[in-house]
2 protein chains.
Amino acid sequence: MALRAADPESKSGGRDRILRAAYELFCRFGTRGVGVDTVVAKAKVAKMTLYRHFATKDDLILATLQRREQLWTREWLQDEVSRRADTPAGQMLAVFDVFGEWFAAAELEGCTFINTMIEFEATDHPVRLASVQHLANIRNFLRDLAAAAGVDDPDGFSRKWHILMKGSIISAMEGDRLAARRAQEIGELLLERHAVAAA
Amino acid sequence: MALRAADPESKSGGRDRILRAAYELFCRFGTRGVGVDTVVAKAKVAKMTLYRHFATKDDLILATLQRREQLWTREWLQDEVSRRADTPAGQMLAVFDVFGEWFAAAELEGCTFINTMIEFEATDHPVRLASVQHLANIRNFLRDLAAAAGVDDPDGFSRKWHILMKGSIISAMEGDRLAARRAQEIGELLLERHAVAAA
DNA sequence: CTGCCACGAGACAGGTCGGTCACCTTCATC
DNA sequence: GATGAAGGTGACCGACCTGTCTCGTGGCAG
């Protein structure tokens with residue numbers, strides 16, 4: 001059997017190029033706004049190569065959502081937050097420092113998980129279910145931070161924090177460049193009220 | 001000239017039936033998810049009748065957004081809020097009582113203005129600009145309430161309140177039935193901190 | 001050299017999209 | 001009854017969609 005096929009982590013493999021192209025396009029223009037032809041054109045790949053690696057477009061979308069969690073949730077948000085603060089409460093507040101720099105970017109693509117959830121209105125659609133799960137994974141990260149910060153109800157607290165994050169993202173998409181700072185001020189109030197020791 | 005054409009407010013006129021059908025379909029399934037054929041089928045109207053009243057589908061979308069502001073923002077949200085509380089601060093908090101009943105509904109269509117803004121990624125698209133404006137109109141309502149409640153910075157306060165509203169709507173779409181109550185608790189904190197007298 | 005297979009290029013199928021057109025019925029007015 | 005406009009009917013257009021299929025080619029294994 002061919003060596004390249006036996007190596008699923010092949011860097012310049014067709015699957016990876018397709019996934020990278022789809023990720024950029026879907027995050028920026030939405031999944032409904034981008035056709036598979038556009039994806040294969042950007043990936044410089046034959047259409048059949050795409051369908052050899054992904055059964056349907058929905059499968060490709062699910063893969064891009066996983067890539068988004070890897071690149072955005074973990075390697076960007078969580079890593080940046082960990083780098084910027086030591087205490088759990090300080091890391092929760094740092095979320096909005098990171099958001100502040102994100103919102104300052106010229107074109108804000110928004111939260112891919114929210115965007116995709118809204119694009120698929122059927123509540124039992126696999127893509128929508130996956131988007132909801134990826135959002136829940138972000139919330140779990142917040143819940144662990146809240147627990148470490150010593151709040152009474154980490155789950156409830158993380159859900160409130162997530163409301164601030166999602167609301168500020170929508171506001172930033174509307175054009176409010178200060179949305180992150182506003183959400184952070186609310187977060188400070190929340191911590192002040194519920195945490196033993198704020199940052 | 002014909003009488004019916006001279007009466008733009010004709011109740012059972014074709015334009016109104018089309019607009020009602022488009023409103024229900026677009027709010028529930030999004031604008032990209034519904035074709036004009038589906039609209040004319042639901043309105044029981046000929047396709048040419050639609051294009052005699054609306055130049056393009058985008059024009060129809062703009063009209064449905066205005067209808068949404070009339071029915072949702074004004075006749076539902078603002079009227080319900082006014083009915084439930086007397087003080088400005090109490091009315092701001094009542095927003096989340098109304099949301100709580102809304103979120104309990106079986107199928108939550110979400111905020112049409114947010115959904116439509118996300119559907120049109122081009123920041124200068126007329127439909128996106130209209131969605132952003134309709135969101136700003138909601139915020140202006142909040143700003144007036146905040147000013148009446150005697151907060152220092154009504155504009156900034158209303159933007160924070162709007163973050164809570166939008167974040168709670170997204171959370172409710174994910175399935176959190178208690179999202180309204182969570183946002184309300186945060187709102188109580190905000191009022192406690194910034195308003196002279198809470199409800 | 002020969003066979004194999006991943007891949008590229010591109011046509012193709014079947015459907016839906018937004019939007020247009022020609023033709024016909026209905027109905028109020030003169 | 002004649003006239004004229006509004007609206008219904010259904011065909012139609014070009015563009016785009018997802019997904020399939022064929023054919024050609026290049027590189028690697030035996």
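Every value quoted in this text rests on a predicted model; they were computed, and no experiment measured them.
Looking at residues 43-56 of chain A, you'll see A:Lys47, A:Met48, A:Tyr51, A:Thr56 sit with a heavy atom under 4.0 Å from some atom of DNA chain D. A heavy-atom distance below 4.0 Å to DNA chain C is reached by these residues of residues 22-36 of chain B, ordered by number: B:Val34, B:Gly35, B:Val36.
Scanning all heavy atoms of the two residues, the minimum distance from A:Phe113 to A:Ser131 falls at O-CB, 3.5 Å. When all heavy atoms of A:Ala183 and B:Ile163 are compared, the closest pair comes out as N-CD1, 4.3 Å.
Ion pairing between a basic and an acidic side chain is recognised when a charged N comes within 4.0 Å of a carboxylate O; A:Glu121 and A:Arg128 show no such pairing. A:Arg20 and A:Glu24 are not joined by a salt bridge, as no carboxylate oxygen comes within less than 4.0 angstrom of a charged side-chain nitrogen. The pair B:Glu109-B:Arg68 counts as a salt bridge, with a side-chain nitrogen and a carboxylate oxygen less than 4.0 angstrom apart.
Across the protein-nucleic acid pair, A:Asp37 atom CG and D:dG19 atom P stand 11 Å apart, rounded to whole Å. One atom, CD1 of B:Ile61, and another, P of C:dC17, lie 13 Å apart when rounded to the nearest Å. Regarding A:Lys57, its NZ atom lies at a distance of 15 Å from the P atom of D:dT20, rounded to whole Å. A:Leu60 has its CG atom 14 Å from the P atom of D:dC17, to the nearest Å.
The phosphate of D:dG8 (OP1 or OP2) has a side-chain N or O of B:Arg17 nearer than 4.0 angstrom.
Ring-plane geometry between B:His125 and B:Phe120 is classed as tilted, the angle between the planes lying from 30 to 60 degrees on a 0 to 90 degree scale.
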Under the criterion ring-ring contact (aromatic ring centres under 6.0 Å, His included), I'd like the reasoning laid out for B:Trp161 against B:Phe96: C-alpha separation, chi angles, the key distance, then a yes or no. CA-CA 11 Å; B:Trp161 207 267; B:Phe96 297 109; 5.7 Å; yes

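For A:Glu69, the salt bridge (Lys or Arg N to Asp or Glu O under 4.0 Å) test picks out A:Arg74, with sequence neighbours left out.
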